[in-house]
Peer 1: 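Handing you this structure, nothing more for now.
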Amino acid sequence: MKTFCGRANPTTGALDWVEESEEYDYHQEIARSCYADMLHDKDRNEKYYEGIRAAVSRVKARGERVVVLDIGTGTGLLSMMAVTAGADYCYAIEVFKPMAQAATCIVERNGFSDKIKVINKHSTEVTVGPDGDMQERANILVTELFDTELIGEGALPSYEHAHMHLVQAGCEAVPHRATIYAQLVESDMLWKWSQLQPIELDGNKLLPPPAVVKCAGAPSVCDIQLSQVPPESFTPLGPICTMFSVDFSKPVSSAAQSYTAQFKAQTSGRAQVVLSWWDIDMDPDGNIVCTMAPSWSYSDPRTYPWRDHWMQSVYFLPAEEKVSEGEELNLIVSHDDYSLWYSLTQSEQNDVKVAKFRPCCTCQAHLVWTRPRFGELNDEQRTESYVNALRSILKPDSVCLSVSDGSLLPIFAHLLGSKKVFSLENSGMAKQVIEQLLHANSLKHGVQLLGIRPEQLSLADLEGNQISVLMGEPYFSTSLLPWHSLFFWYCRTAVAQLLHPNATILPRAATLYIVAVEFQDLWRIRAPCGTCEGFDVSPMDEMIQQSLDYRESWEAEPHPLWEYPCHALTKPQPVLTFDFTQCVPEQPVNSDGTVPFTGRGRCHGVALWMEYQLTEDITVSLGLTKPVSEEGACEWNPHRKQGVFFFRSTRETSGNGREDLAYNLTFEPHTGDIKMDFSITEP
């Protein structure tokens, strides 16, 4: 069955009605999942297997029949491990129907159908009894319900229910316990992701609104590959603290709780950020440990087991606080049933009040601007490029129109002396944030904010003025892939009749670049697994590929490549240029050709990004920020995601001119899509 769905087009801005299969949503969920990454996580799999074998042995030593409950079974891997270790029977719970079907197929293919029952329900809906889903309560509880924050996928309520209704008292649990660790640090780099910094401009200082400064920020965790944050970019103010542990073999409570770690400040500084991760002990003695600690905490970083399904967390304190070396501090972590948050107090403070509810944004800025967007707005070098570009084109009689979401460009244009500045802010929340910023800097009448779409704009809205400068970063909150920001081009086309004949467009053009790459680790999220710990999981590979073939396999996907090291195998190649001084063309724009491989390695795919030509001599790259080194090292813009086109199968390249990267890209003006095809050929 197919149905028509309305989808907002991020490039054209139109509402497109498309015919979609009823399976589209779950195909997309599977295609974008991290299942392959988990199966490739050898450290995780080996530790789970070792812990399961030990738990089965302990139950058998007590002379009991071994009954296992596996919540969130996924592929059924942990259940098959349990049966292989000697379990008598296993109940495997999986709420996601396509995944439960894959688990059933995998269990059958590996010959465990008589010992494993896959139950397609949420664990809280499972019943026990003669007519229930389970005939009896389990005496081993195996789960993999964790996310980067540990409890963000509902682990605590699931454990709480399982102990009350599904497992025996005194059951074994794998993992046996989890422990949260945290470290208080000062980091200008990370703090810029949370707070808008003052901006100097021609003797003026643009200050953040007081409401933004006082705001506790976005409530959601910031999960990143902390191993890619260089240690020199932060200063530890205290030791790595053990915050709290959860024993999964005993009844678990999902009620809100707080825990405190006391320590003396190691050095003076500004307490801004808490770095956090966890580990899980697979056995009661803590001999089998799977840790999420970042690579720089290892004595030998080369032994760090990379994974993307579990990363590390960054938490921003509600406010920056000065601390002095030797000062007694309390680092407090609180949690509800799904999230964690941190606060800091001085030890001499009595009657410390701990927030019962997680902090949330009250200024709206943290809801309008993502953390990478905060970092982008605080990027001094980037700001300098835009200010210099504006300075070179603005005149005292300039009438400017800005088209970008929550942008500071119109404020810059006013401070640089433009006659009139208008800004389209279609989002009411973004409009309010910019109004706060204007009010805080006594610029209330410097920029006129128009809460309308480009096609609705009239000469009357512009007070009878023609636009002499149309500008944009461009940045739009709906953009996921680099070319989605071509929405600026469609806006430029929509207001074409309102432009002065000699109007200046900034940026004047955009160019799409490509480079073939070998990923250090990211390839794992798309690589077939085949077998995992001796079990055939190929039905999972087939299900993922089927979902990729549904649509995703010929599309690029967004990734912040600064978190995922890669090695360039070709020179960066411009493939499509979009001239913003002209309207969007009626006909498709095609580009094809070849790029020789200059580097030796295994080509996993192609990275894509945009570069914007602000003026003749000022360009801003949203991809590579430096030339590729002779060794192929890449340095990526940390504020935007780049596109990645993964090859279905990888290939070794010699780098001596024997292979070429062949490309064929077509920009479809009516849909805003870029259709692409890449292959590796021999000349």
Peer 1: Atom SG of Cys491 and atom CG of Leu470: how far apart are they, to the nearest 0.5 Å?
Peer 2: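 Between atom SG of Cys491 and atom CG of Leu470 there are 8.5 Å.
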
Peer 1: Determine whether Gln613 and Thr577 make a side-chain contact, defined as any pair of heavy atoms from C-beta on separated by less than 4.5 Å.
Peer 2: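 No. Closest side-chain heavy atoms not under 4.5 Å.
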
Peer 1: Does the ring center of Phe578 lie less than 6.0 Å from the ring center of Trp483?
Peer 2: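 Ring centres of Trp483 and Phe578 not closer than 6.0 Å.
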
Peer 1: Compare every heavy atom of Ile151 with every heavy atom of Asp147, then report the nearest pair and how far apart it is.
Peer 2: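 Closest approach of Asp147 to Ile151: OD1-N, 3.5 Å.
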
Peer 1: May I ask you to test the Leu206-Leu201 pair for a side-chain heavy-atom distance under 4.5 Å?
Peer 2: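 Side chain of Leu206 against side chain of Leu201, heavy atoms only: no contact under 4.5 Å found.
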
Peer 1: Any chance you could measure Phe412, atom CZ, to Ser402, atom OG, to the nearest 0.5 Å?
Peer 2: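 Phe412 atom CZ to Ser402 atom OG measures 10.5 Å (nearest 0.5 Å).
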
Peer 1: Parallel, tilted or perpendicular: which one describes the rings of Phe234 and Trp296, with boundaries at 30° and 60°?
Peer 2: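 Ring orientation of Phe234 relative to Trp296: tilted.
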
Peer 1: Work out which heavy atom in Cys634 is nearest to a heavy atom in Leu624; give both atom names and the distance.
Peer 2: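 The pair with the smallest heavy-atom distance is CB-CD2, 3.7 Å.
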
Peer 1: Would you please test Cys222 and Phe316 for side-chain contact (heavy atoms from CB on, under 4.5 Å) and show each step?
Peer 2: CA-CA 9 Å; Cys222 178; Phe316 302 93; 4.1 Å; yes

Peer 1: Are there more than 12 heavy atoms of other residues, nucleotides or ligands under 6.0 Å from atom CD of Gln257?
Peer 2: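 Counting other residues, nucleotides and ligands, CD of Gln257 exceeds 12 neighbours.
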
Peer 1: Is the number of heavy atoms from other residues, nucleotides or ligands under 6.0 Å of Glu232 CD greater than 12?
Peer 2: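 Above 12, so yes.
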
Peer 1: Nearest 0.5 angstrom please: Tyr475 OH to Ser404 OG, how far?
Peer 2: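 Reported value, rounded in 0.5 Å steps: 10.0 Å.
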
Peer 1: With distance as the sole test, does Ser187 use its side chain to make a donor-acceptor pair with the main-chain N or O of Ser233 at under 3.5 Å?
Peer 2: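 Checked: pair present.
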
Peer 1: Between Phe374 and Trp193, is the gap from one ring center to the other below 6.0 Å?
Peer 2: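 Here the rings of Trp193 and Phe374 have centres that are no less than 6.0 Å from each other.
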
Peer 1: What closest approach, in Å, do Ala389 and Leu506 show between heavy atoms, and which atom pair accounts for it?
Peer 2: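 For Ala389 versus Leu506, the nearest heavy atoms are CB-CD1, 3.8 Å.
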
Peer 1: Say you draw a straight line from CD of Gln272 to CG of Leu184; how long is it, rounded to the nearest 0.5 Å?
Peer 2: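 It comes to 9.5 Å.
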
Peer 1: Under the 3.5 angstrom rule, does the side chain of Thr625 hit a backbone N or O of Glu635 as a donor-acceptor pair?
Peer 2: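 Yes: the side chain of Thr625 pairs with the backbone of Glu635.
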
Peer 1: Do Thr242 and Tyr181 have side chains that get closer than 4.5 Å, going by heavy atoms?
Peer 2: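 Thr242 reaches Tyr181 side chain to side chain.
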
Peer 1: Does this structure show an ion pair linking Arg382 with Glu473, if we count only N-O contacts that are shorter than 4.0 Å?
Peer 2: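 Looking at Glu473 together with Arg382, the answer is yes, because their closest N to O distance falls below 4.0 Å.
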
Peer 1: Does Arg508 reach the side chain of Glu616, with side-chain heavy atoms less than 4.5 Å apart?
Peer 2: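 Contact flag for Arg508/Glu616 side chains = yes.
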
Peer 1: Where do Phe519 and Trp306 land on the ring pair (Phe, Tyr, Trp, His ring centres under 6.0 Å) test, with the steps shown first?
Peer 2: CA-CA 12 Å; Phe519 285 108; Trp306 184 88; 9.7 Å; no

Peer 1: Parallel, tilted or perpendicular, judged at 30° and 60°: which one describes the rings of Tyr342 and Tyr315?
Peer 2: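 Judged by the thresholds at 30° and 60°, the geometry between Tyr342 and Tyr315 is tilted.
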
Peer 1: Find out whether Thr291 and Trp310 are in side-chain contact, i.e. whether some heavy atom of one side chain is under 4.5 Å from a heavy atom of the other.
Peer 2: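 Side chain of Thr291 against side chain of Trp310, heavy atoms only: no contact under 4.5 Å found.
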
Peer 1: May I have the step-by-step check of side-chain contact (heavy atoms from CB on, under 4.5 Å) for Arg307 and Arg524, ending in yes or no?
Peer 2: CA-CA 9 Å; Arg307 48 177 69 95; Arg524 300 171 197 271; over 6 Å; no

Peer 1: Rounded to the nearest 0.5 Å, how far apart are CZ of Arg492 and CE of Met471?
Peer 2: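 CE of Met471 is found 16.0 Å from CZ of Arg492.
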
Peer 1: Does Asn441 reach the main-chain N or O of Leu437 with its side chain, forming a donor-acceptor pair under 3.5 Å?
Peer 2: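 Checking the backbone N and O of Leu437 against the side chain of Asn441, a donor-acceptor pair under 3.5 Å is found.
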
Peer 1: Please step through side-chain contact (heavy atoms from CB on, under 4.5 Å) for the pair Lys420 and Gln448, ending with a clear verdict.
Peer 2: CA-CA 8 Å; Lys420 288 277 186 182; Gln448 295 190 42; 3.8 Å; yes

Peer 1: Under the 3.5 angstrom rule, does the side chain of Gln225 hit a backbone N or O of Met311 as a donor-acceptor pair?
Peer 2: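 Judged by distance alone, no pair lies under 3.5 Å.
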
Peer 1: Only one of Asn378, Leu207, Val213 forms a side-chain contact (heavy atoms from CB on, under 4.5 Å) with Leu196, so which one is it?
Peer 2: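 When side-chain contact (heavy atoms from CB on, under 4.5 Å) is applied between Leu196 and each of Asn378, Leu207, Val213, only Asn378 qualifies.
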
Peer 1: Is there a donor-acceptor contact under 3.5 Å from the side chain of Glu149 to the main chain of Ser313?
Peer 2: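 Checked: no pair found.
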
Peer 1: Can Arg44 and His309 be said to form a side-chain contact (heavy atoms from CB on, under 4.5 Å), step by step?
Peer 2: CA-CA 11 Å; Arg44 162 194 177 270; His309 56 104; 3.6 Å; yes

Peer 1: Taking all heavy atoms of Pro507 and all of Gly472, pick out the closest pair and write down the distance.
Peer 2: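 In terms of heavy atoms, the two residues are closest at CD-O, 3.1 Å.
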
Peer 1: Using a 4.5 Å cut-off on heavy atoms from C-beta on, say whether the side chain of Pro294 contacts that of Trp277.
Peer 2: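 A side-chain contact under 4.5 Å exists here.
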
Peer 1: Using 0.5 Å steps for rounding, measure from the CG atom of Leu237 to the CG atom of Leu344.
Peer 2: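 One finds 9.0 Å between CG of Leu237 and CG of Leu344.
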
Peer 1: Are Pro410 and Cys400 close enough that some pair of their side-chain heavy atoms sits under 4.5 Å apart?
Peer 2: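 Answer no - side chains too far apart.
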
Peer 1: Just wondering, do His335 and Leu156 contact through their side chains at under 4.5 Å, heavy atoms?
Peer 2: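 Yes - at least one pair of side-chain heavy atoms lies under 4.5 Å apart.
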
Peer 1: How about Phe488 and Phe580: are their ring centroids closer than 6.0 Å?
Peer 2: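 Between Phe488 and Phe580, the centre distance is under 6.0 Å.
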
Peer 1: Check Val323 against Ala271 and note the closest heavy-atom contact, atom names and distance.
Peer 2: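 Closest pair (atom of Val323, atom of Ala271, distance): CG1-CB, 4.1 Å.
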
Peer 1: Sort out for me which residue in Asn330, Leu331, Leu329 forms a side-chain contact (heavy atoms from CB on, under 4.5 Å) with Thr260.
Peer 2: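 Per the side-chain contact (heavy atoms from CB on, under 4.5 Å) rule, the option paired with Thr260 is Asn330, out of Asn330, Leu331, Leu329.
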
Peer 1: Can Asp188 and Arg270 be counted as an ion pair, charged N to O under 4.0 angstrom?
Peer 2: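 Judged by the 4.0 Å cut-off on N to carboxylate O distance, Asp188 and Arg270 do form a salt bridge.
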
Peer 1: Between the main-chain N or O of Pro482 and the side-chain N or O of Gln642, is there a donor-acceptor pair closer than 3.5 Å?
Peer 2: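 Not a single qualifying donor-acceptor pair exists.
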
Peer 1: For the residue pair Ser418 and Ala413, what are the closest heavy atoms and their distance?
Peer 2: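 Shortest heavy-atom separation between Ser418 and Ala413 comes out as OG-O, 3.0 Å.
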
